[in-house]
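Contents: one structure, followed by commentary.
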Amino acid sequence: YSGLEEAVYRNIQACKELAQTTRTAYGPNGMNKMVINHLEKLFVTNDAATILRELEVQHPAAKMLVMASHMQEQEVGDGTNFVLVFAGVLLELAEDLLRMGLSVSEASYSLITVIEGYEKACKKALEILPDLVCCSAKNLRDIEEVASLLHTSVMSKQYGNERFLAKLIAQACVSILPDSGHFNVDNIRVCKIVGAGISASSVLHGMVFKKETEGDVTSVKDAKIAVYSCPFDGMITETKGTVLIKNAEELMNFSKGEENLMDLQVKAIADSGANVVVTGGKVADMALHYANKYNLMLVRLNSKWDLRRLCKTVGATALPRLTPPTLEEMGHCSSVYLSEVGDTQVVVFKHEKEDGAISTILIRGSTDNLMDDIERAVDDGVNTFKVLTRDKRLVPGGGATEIELAKQITSYGETCPGLDQYAIKKFAEAFEAIPRALAENSGVKANEVISKLYAVHQEGKKNVGFDIEAEAAAVKDMLEAGVLDTYLGKFWGIKLATNAAVTVLRVDQIIMAKPAGGPKPPSGKKDWDEDQND
């Protein structure tokens with residue numbers, strides 16, 4: 001090989017190996033990966049975004065694919081594995097093209113031809129994609145309809161539990177969807193508690209914290225909440241003062257003054273109408289005593305993020321000092337109570353009305369790893385809902401969209417004069433990797449599935465994809481089966497995967513800045529400043 005070919009082949013090889021890692025995790029029947037990260041934390045998942053986040057990818061070309069995958073995660077929140085698998089296959093087929101007709105003098109010309117062909121084909125694919133839309137979401141406030149649209153994204157992570165989880169996610173998302181339609185994924189919180197099973201999971205309108213209350217009061221109805229970002233304690237002076245005490249009476253009076261001051265502060269908070277106090281710092285024993293005296297429920301949250309979210313949920317303002325809150329600064333919710341879920345104490349801030357600012361999905365499961373995986377499925381479902389609020393269009397899943405794109409782009413390639421038609425046809429062939437991965441991971445002969453899909457699509461049945469539940473190589477209508485992907489997920493997936501593959505193909509040299517060679521400087525004598533007589 002010439003230097004150019006050698007560099008390109010090495011880059012392609014690194015990307016292929018990375019794509020192969022996640023390819024076997026694609027789809028509902030994908031295998032789980034056991035990832036141990038640099039902190040020796042164990043992850044058992046088939047979620048490509050998590051696998052890539054915890055892997056330390058060293059090769060610069062493979063990092064390009066990881067970056068494209070992260071972009072998909074940020075843009076759509078799902079479909080990261082699609083980007084990796086598709087980009088890996090594009091590079092693999094580009095390697096075939098280069099090996100087929102590459103002489104040393106024409107190496108760079110052939111690469112440019114492949115790149116131009118891929119870019120043309122990508123543009124054509126994105127033009128064809130709107131024609132493949134099979135339906136649109138009609139009403140995003142209908143829980144049943146939203147749950148059916150979330151099935152596919154949840155199924156790929158939690159096959160078998162998708163109906164139950166999709167319903168939970170739909171309830172949580174619909175309850176906090178604002179009239180403006182601007183949905184924020186951060187408003188769906190997840191609280192994981194070990195015990196029971198997945199079917200014991202539930203949705204609460206409000207927030208749940210794995211905490212215990214500080215005082216004696218454990219339940220308040222029609223709560224008026226005062227939130228403080230400071231410790232629930234007396235004021236500490238900035239400068240130190242010295243007090244000379246001559247007898248026992250003076251000592252008694254000295255501590256009494258502090259007690260009276262604390263009493264007045266807590267009484268003022270109680271008189272303002274507040275019956276729940278949430279603090280972001282420590283709670284002093286004396287302050288706790290007076291909180292119990294005036295029947296104030298006391299909750300301590302160590303995390304400033306939790307404090308901010310709670311303020312948003314109940315409509316409160318976090319106060320920096322122990323001053324009585326005004327009516328505008330106080331938060332409100334239907335009830336605040338201490339509950340026991342399994343053997344874990346939780347404090348629940350609950351809204352009876354369903355139009356609260358934040359919803360919490362309470363996940364139950366037998367192990368932490370299982371609950372982590374359910375949380376990832378919930379994240380994917382919530383992100384899919386967010387995508388639907390931006391664009392309601394849906395395309396058929398199960399490889400139906402990919403086979404139709406492959407069919408149409410192959411036809412387009414045949415109409416193109418010039419050498420880039422070979423690259424366009426290879427781009428079309430790359431789409432076959434998706435139904436192929438689904439079939440292989442389901443233990444079915446992939447070639448048989450792909451030939452059946454092509455035969456059906458030639459008859460004009462655009463919505464037919466691979467039937468994952470059949471024992472043999474079978475196909476069925478994805479629209480009727482309810483296996484649907486978001487239009488935006490496919491759009492960005494194709495775009496980002498092609499961009500990543502083209503960027504890798506454009507690289508002919510990897511130049512790494514390393515410390516210069518040569519003799520190392522003298523390290524000097526250790527302990528040179530210590531006394532020799534010791």
Non-hydrogen atoms of [X] and [Y] that approach each other most closely:
X	Y	result
Val449	Ala439	CG2-CB, 3.9 Å
Val85	Arg23	CG2-CA, 3.9 Å
Ala62	Val57	CB-CG1, 3.7 Å
Leu322	Cys230	N-SG, 4.1 Å
Val276	Ala223	CG2-CB, 3.9 Å
Leu168	Ser201	CD1-CB, 3.7 Å

Tell me whether [X] is salt-bridged to [Y], with the criterion being a basic N under 4.0 Å from an acidic carboxylate O.
X	Y	answer
Glu375	Lys192	yes
Arg300	Asp306	no
Asp186	Arg309	yes
Lys282	Asp233	yes
Arg390	Glu75	yes
Arg376	Asp373	yes

When you compare the side chain of [Y] with that of [X], does any pair of heavy atoms fall below 4.5 Å?
X	Y	result
Leu140	Val174	no
Phe82	Ile494	yes
Tyr290	Leu296	no
Asn184	Lys312	yes
Phe349	Leu310	yes
Glu402	Pro435	yes
Asp391	Phe491	no
Phe232	Ile269	yes

Take a 6.0 Å sphere around [atom1] of [X] and say whether it holds more than 12 heavy atoms from other residues, nucleotides or ligands.
X	atom1	result
Glu471	CD	no
Lys16	NZ	yes
Asp285	CG	no

Problem - Under 3.5 Å donor-acceptor, Thr152 side chain and Leu484 backbone - result: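 Yes, because the side chain of Thr152 sits within donor-acceptor range (under 3.5 Å) of the backbone of Leu484.
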Practice task
For the pair Glu162 and His151, evaluate side chain to side chain donor-acceptor pair (under 3.5 Å) and give the outcome as yes or no after the intermediate values.
Solution key: CA-CA 6 Å; Glu162 70 275 0; His151 275 176; over 6 Å; no
Taking atom [atom1] of [X] and atom [atom2] of [Y], what is their separation to the nearest 0.5 Å?
X	Y	atom1	atom2	result
Ile403	Phe431	CD1	CZ	10.5 Å
Asp78	Thr384	CG	OG1	5.0 Å
Leu204	Lys350	CG	NZ	6.0 Å

Handout entry: Verdict with supporting geometry, Ser442 and Asn29, side chain to side chain donor-acceptor pair (under 3.5 Å)
Key = CA-CA 6 Å; Ser442 303; Asn29 291 328; 3.0 Å; yes
Problem - Ring-face cation contact, Phe43 with Lys33, 6.0 Å cut, 45° max - result: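 Not flagged: Lys33 not positioned over aromatic ring of Phe43.
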Exercise for the section: Compute whether any side-chain donor of one residue and acceptor of the other, for Asn81 and Thr22, lie under 3.5 angstrom apart. Expected result: yes
Exercise for the section: Begin from the C-alpha positions of Ser175 and Ser359 and carry the test side chain to side chain donor-acceptor pair (under 3.5 Å) through to its verdict. Expected result: CA-CA 8 Å; Ser175 69; Ser359 263; 3.0 Å; yes
Exercise for the section: Pick out which of Val154, Val190, Ile363 makes a side chain to side chain contact (heavy atoms under 4.5 Å, CB included) with Ile374. Expected result: Ile363
